[in-house]
Amino acid sequence: MSEKRKPYPFDLFEPKWQSHWAENKTYRTPGPGDEGFDATKPKYYILDMFPYPSGAGLHVGHPEGYTATDIVGRYKRMNGFNVLHPMGWDAFGLPAEQYAIKTGTHPRITTEANTNNFRRQLQELGFGYDWDREINTTDPKYVRWTQWIFLQLYNSYFCDEDQKAKPVSELEAKGWTQQQIDEVRLAFIHEAPVNWSPSMGTVLANEEVQEWKDKGETVVRRPLRQWMLRITKYAQRLIDELEPLDWPESIKALQRNWIGRSEGAEVIFDVEGHDITVFTTRPDTLFGATYMVLAPEHPLVPEITTTDQKEVVETYVAACASKSDMERGLDKEKTGVATGASAINPVNGEKIPVWIADYVMMGYGSGAIMAVPAHDSRDFEFAIEFGLPIKAVVFPDHKWLKENGGHLEVEVIEDGTNRELTWTFPELVVQAEREESFQKQASAFYQDQVSNFATAYPDHGTAINSGFLEGLKTKDAKKKIIHWLGENGKGEKKIQFKLRDWLFSRQRYWGEPFPLLWDKETGQHSGVPESELPLLQPEMEDFKPTGDPRGPLINCTDWINYSDKLQRETNTMPQWAGSCWYYLRYCDPNNTEHFISPDTESYWGNDEGFVDFYVGGKEHAVLHLLYSRFWHKVLNDLGHLKSKEPFKKYFAPGLIMGEMEFAIFETQSGEIVSYKDLEEQDSRTFVMKRTGEALIKKVVGPEEVEKKGENFVLISDPSIRVRSKAEKMSKSLGNVVNPDDVVERYGADSLRLYEMFMGPLDQDKPWAMKGVEGVHRFLAKVWRLAFSEDADGGWISSGKIVAGENADLAKTTHQTIKRVEEAINSLRFNTGISAMMECSNAYTSAGEIPRDLFLTFLKLLSPFAPHLAEEINAALGGTELVSEQTWPELDESLLVESEIQLIVQVNGKLRARIMVPADISKEDAEAQALADENVTTHTDGKTVRKVIVVPGKLVNIVAN
RNA sequence: GCCGGCGUGGCGGAAUUGGUAGACGCGCGCGAUUCAAAAUCGCGUUUCUUCGGAAGUAUGGGUUCGAUUCCCAUCGCCGGUACCA
């Protein structure tokens, strides 16, 4: 193959510099206690989410965030910071084990091969990582501390009074029994319905179910004894302490949403002699509770069910048990059966029927609700379905009534058929506007006539039909009823969270074994001595799921039998365990005494949040980022860490989508039409919007574009899309871009620069190979400023870099310093690259470039395209690496203009641009503007009413 | 449904205390160079236009001398989440 000549020899110098940096440990960052550590420098800890080293290798999505942090890291380094910028491997995980099951290759072997490939790929992109700090979650030296941290959790409980974790030894000292202590540990055994995957032979966290189902695995509900972590105790703190962090608001919202805090009340109902507690966010609607619903799994269901209903209830419960939460969610049709029991509404003594229905979940609140069909859409639907009474107790607010024109649509059910009625009550609306105390009339009006709304009215309003709450606004009614409940021992204020405890055990081989022992006689569990850590998996050849919910390790009899009396726990930890704390270990990766030493912790961490800047995908917004925060807080509570939060600042890069494809069409009649002129009928047929002429669609790849279709010709005009929507990159769509290919064709600098130039970092954006060529051309232009081609095709000095000065170029260069700095500081790298492009265009036009300015420019370029910057710098006689030089200082005086352009508007429309001295007075500016020819043509015959002068910017003349 | 985000040329996107809309790049057109092509360089490129201008940042209003930017409403797209009581 005749290799096309490269526009600049990146293929030669990029590997050269990579080796140079590696051999000289250019990016090594000494920490406290290390040789060469300079404690006087400020520090900056910038972190990428470490990858799972999959067999597929690096995806173009990886270098997006990694380049961003690399640029910021290099910039900080050049500004005198000790920059900690490490990389490592989140190397436990299911794919390696699934692969082992299939092929018999030990996961350790697969993992090592994959890690080596990832490391090579990252090094070929020129990232300035300190590879001496590389960590791997599967490394026994790392596993040791993951297990150690687990033991901290195991040996702690959450003190509600102080809202923090404390050692269980404090409880022992108080004389608590082992059993009592086990009930409060942060790591505890719990038997509950879990997501069991028969195809993988393991349980999954709620958060993981969808991901694996999408990958084709099966997941069912099944009760099992599992290790859980008591993250729910931290729910409030996880919300509160999120607030001051410098995270994108959207990510904070995602976490808050996930934790799902609701304020309300618990109300106790008497059901056939049993107290049943319900949680409600609307205790003010208690008078409107017309029935009660229990989750089918509610423990009291068998006890309260009447003999008449026993059979239907049992059938229904059994049917629900076979369905997963997911299936229940998908089934929107309301189902349920009556238990035959009734509950007594504590507020008015009314007897209401008790039903069971799968729209009530056992996992949230108490698994029981009071149903207020008039004001809750789900209860409403259920009541309609089963003909239960609906009683309105909240009168809609004024706004709602007004917006509905004084009409309130209601629906009455008679003989099982629905009939729509509309009642008007203009007099009520008028009254509502005039008087505060219209509620009485409303109440009187509704008492007899309104039994059913057309829909539930779930918003706030005024209490009606509500005894002592009558006439109160919802907010006040809530307060009053909560007070009443408390006084009467019928309930209290309650804050409820959606967050569930974290299911922490997995039935896998390739994970950290739990460092726990079980007493074979008593069944009591205990931790292994710390001195025995790390506790590694035994060597095994067969990892197949056995169907035994205790996991594959159960087959290793030698390993599980710790002693005559004690047996090992056979579960392993989920992949999250290692990633929960890895950011700490980078600070002190080889410490054998501590997971992180207090010295390194103090130096590299911040009190407000340990890591200065964390960058990684928002798909981890509610999993990894929440789990890490939880572990960090526990370690902080127990005195092992000073900071309360792991990540002070966090940023999530957008997704890189697949490339879009383009074509325009020529119809049989010879007309050229674009995709926009076409309407898609189905996946194969287009219709011309204008004429209705049908075309058969053919999705084309770039090479096919010029081939003829059946009914039309495709012409290569990339301006019109065929694959008009950006889609996620995926194997099945065949739109995956391999970074290795891009590096091969355009070089690492081009890939880095392109990913930063694509658009705002946090936005999803489609890949475009033409765009890579664009930045590649820019880099080639920079190269040709310094080098020319000789007759033999070799590169020689261009002679354009000269001694001397050039005021215009100095100004341009310093403007570029400013713009690049601003771009890096605000993470808007695309604008910084634009600035450098403009600067290099100015250099090209000038022909000759003063050496000092060009060297300055190289410094600006170096965080983005470090190889090219080093190569040119060295060629120009630079003895010091650009990476190790200091960032250029901005000379503001060069930016000052003596003459500026003023914009002159007449009635807000641009009419003239005039050059004036920069320090022109307002009066002079006004006079000059009014005198301008282009202005007078628009002001002639009009009276100038007003003139606005914005110094240095514009003059706006208002005339009519 | 609820929560969050986003709507600017043929395309990716600039314009962050309200002040020149379309920087930079892609694509496209024309020209230079070349036997020719590639590469490179130069010029042009929002739309309409009676060549004077006019319109224009999803749509409709509002505030302002002036709005892509602020406010209200509507429409559309994307992400998260969902019988969470």
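This one's a predicted model, so the numbers in the text were calculated from it and none came from an experiment. Convention: sequence-line order gives letters A, B, ...; per-chain numbering from 1.
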(request) For G19(B) and C71(B), measure between their P atoms and round to the nearest Å. (result) 15 Å
(message) Expressed as a whole number of angstroms, how long is the span from Arg828(A):CZ to G12(B):P?
(response) 19 Å
(request) Round to the nearest Å and state the distance from Glu381(A) atom CD to G1(B) atom C1'. (result) 11 Å
Atom pairs under 3.5 Å: protein N/O with N/O of nucleotides 5-7 of chain B:
none

(message) Can you tell me whether the base of G52(B) sits syn or anti, using the 90° cut around 0 to define syn?
(response) syn
(request) Kindly assign one of parallel, tilted or perpendicular to the pair Trp783(A) and Trp795(A), based on the angle between their ring planes and the thresholds 30° and 60°. (result) perpendicular
(message) Run Arg911(A) and Gln905(A) through side chain to side chain donor-acceptor pair (under 3.5 Å) and show every step you take.
(response) CA-CA 5 Å; Arg911(A) 295 302 178 193; Gln905(A) 298 179 329; over 6 Å; no
(message) Distance check, C1' atoms only: A14(B) and C26(B), in whole angstrom units.
(response) 15 Å
(request) Treat primed atoms plus P, OP1 and OP2 as sugar-phosphate and everything else as base, then score nucleotides 45-52 of chain B 5' to 3': B for base contact with protein heavy atoms under 4.0 Å, S for sugar-phosphate contact only, - for none. (result) --------
(message) Applying side chain to side chain donor-acceptor pair (under 3.5 Å) to Thr813(A) and Tyr843(A), what does each step give before you reach the verdict?
(response) CA-CA 9 Å; Thr813(A) 307; Tyr843(A) 289 164; 2.8 Å; yes
(request) Mark yes or no for whether Asn956(A), through its side chain, and Gly908(A), through its backbone, hold a donor-acceptor pair below 3.5 Å. (result) yes
(message) Return whichever of Ile251(A) or Gly774(A) has its heavy-atom-nearest nucleotide of RNA chain B closer to the 5' end.
(response) Ile251(A)
(request) Measure from CD on Glu789(A) to C1' on A39(B) and round the result to the nearest Å. (result) 9 Å
(message) In dot-bracket form, 5' to 3', how is RNA chain B paired? Count Watson-Crick and G-U wobble pairs only if both distances fall under 3.5 Å, and write | where the partner sits on another strand.
(response) (((((((..(((......[....)))((((((.......))))))(((....)))..(((((..]....))))))))))))....
(message) In whole Å, I'd like the distance from the CG atom of Leu785(A) to the P atom of C41(B).
(response) 10 Å
(message) Tell me the closest heavy-atom pair linking Leu910(A) and Ile903(A), and the distance in Å.
(response) CD1-CG2, 3.4 Å
(message) Suppose you measure atom P in G10(B) against the same atom in U20(B); what distance do you get, rounded to whole Å?
(response) 23 Å
(request) Could you check how far NZ of Lys800(A) sits from P of C41(B), rounded to whole Å? (result) 9 Å
(request) Show your reasoning for whether side chain to side chain donor-acceptor pair (under 3.5 Å) applies to Tyr364(A) and Gln496(A). (result) CA-CA 8 Å; Tyr364(A) 182 77; Gln496(A) 185 65 47; 5.3 Å; no
(request) Nearest whole angstrom, please: distance from the C1' of C83(B) to the CD of Glu385(A). (result) 14 Å
(request) Sticking with atom C1', work out how far C28(B) lies from U34(B), rounded to a whole angstrom. (result) 22 Å
(request) Spell out protein contact along nucleotides 19-24 of chain B as letters: B when the base is contacted, S when just the sugar-phosphate is, - when no protein heavy atom is under 4.0 Å; keep the 5' to 3' order. (result) BB--BB
(request) Taking atom P in both G13(B) and A58(B), compute the distance separating them and give it to the nearest angstrom. (result) 14 Å
(request) Report yes or no: does Arg282(A) contribute a side-chain atom to a donor-acceptor pair with the main-chain N or O of Pro458(A) at less than 3.5 Å? (result) yes
(request) Can you figure out which of A14(B), C83(B), G79(B) approaches the side chain of Pro760(A) most closely? (result) A14(B)
(request) Give the nucleotide from the list U40(B), A85(B), C83(B) with an atom nearest to the side chain of Arg784(A). (result) U40(B)
(request) Report yes or no: is there a donor-acceptor pair, N or O only, under 3.5 Å between the side chain of Lys770(A) and the base of C11(B)? (result) no
(message) Please report the distance, rounded to the nearest Å, between NZ in Lys909(A) and P in A55(B).
(response) 4 Å
(message) For the C1' atoms, the ones on A21(B) and on U57(B), what distance do you get once it is rounded to whole angstrom?
(response) 7 Å
(request) State which of G13(B), A85(B), C83(B) makes the closest approach to the side chain of Lys334(A). (result) C83(B)
Nucleotide N/O of nucleotides 67-72 of chain B paired with protein N/O under 3.5 Å:
none

(request) Using whole Å, report how far CG of Leu254(A) lies from C1' of C78(B). (result) 14 Å
(request) Mind telling me whether Phe386(A) and Phe382(A) have parallel, tilted or perpendicular rings, with 30° and 60° as the class edges? (result) tilted
(request) Return yes if some donor-acceptor pair links the side-chain N/O of Thr285(A) with the main-chain N/O of Val372(A) below 3.5 Å, else return no. (result) no
(request) Quick one: list whatever passes side chain to side chain contact (heavy atoms under 4.5 Å, CB included) with Ala68(A), sequence neighbours left out. (result) Met756(A), Leu761(A), Phe829(A)
(message) As a test of understanding, state which of Phe864(A), Trp767(A), Phe778(A) forms a ring-ring contact (aromatic ring centres under 6.0 Å, His included) with Tyr754(A).
(response) Trp767(A)
(request) Among G27(B), A54(B), U81(B), find the nucleotide with the atom closest to the side chain of Arg777(A). (result) G27(B)
(message) Using atom C1' in both nucleotides, what's the gap between U46(B) and U8(B) to the nearest angstrom?
(response) 10 Å
(message) Taking Asp358(A)'s backbone N and O only, do any of them form a donor-acceptor pair with Tyr316(A)'s side chain (distance below 3.5 Å, no angle check)?
(response) yes
(message) Looking at Gln763(A), is its backbone amide N or carbonyl O close enough to the side chain of Lys765(A) to form a donor-acceptor pair, meaning the two atoms are under 3.5 Å apart?
(response) yes
(request) For the pair Asp762(A) (side chain) and Pro653(A) (backbone), establish whether a donor and an acceptor sit closer than 3.5 Å, ignoring hydrogens and angles. (result) no
(message) Any base atoms under 4.0 Å from Ser262(A), or only sugar-phosphate, or nothing? Heavy atoms, all strands.
(response) sugar-phosphate
(message) Check the orientation of His776(A) and Tyr8(A). Use parallel for under 30°, tilted for 30 to 60°, and perpendicular for over 60°.
(response) tilted
(request) Determine the Euclidean distance between corresponding P atoms of U69(B) and U59(B); express it in Å to zero decimal places. (result) 11 Å
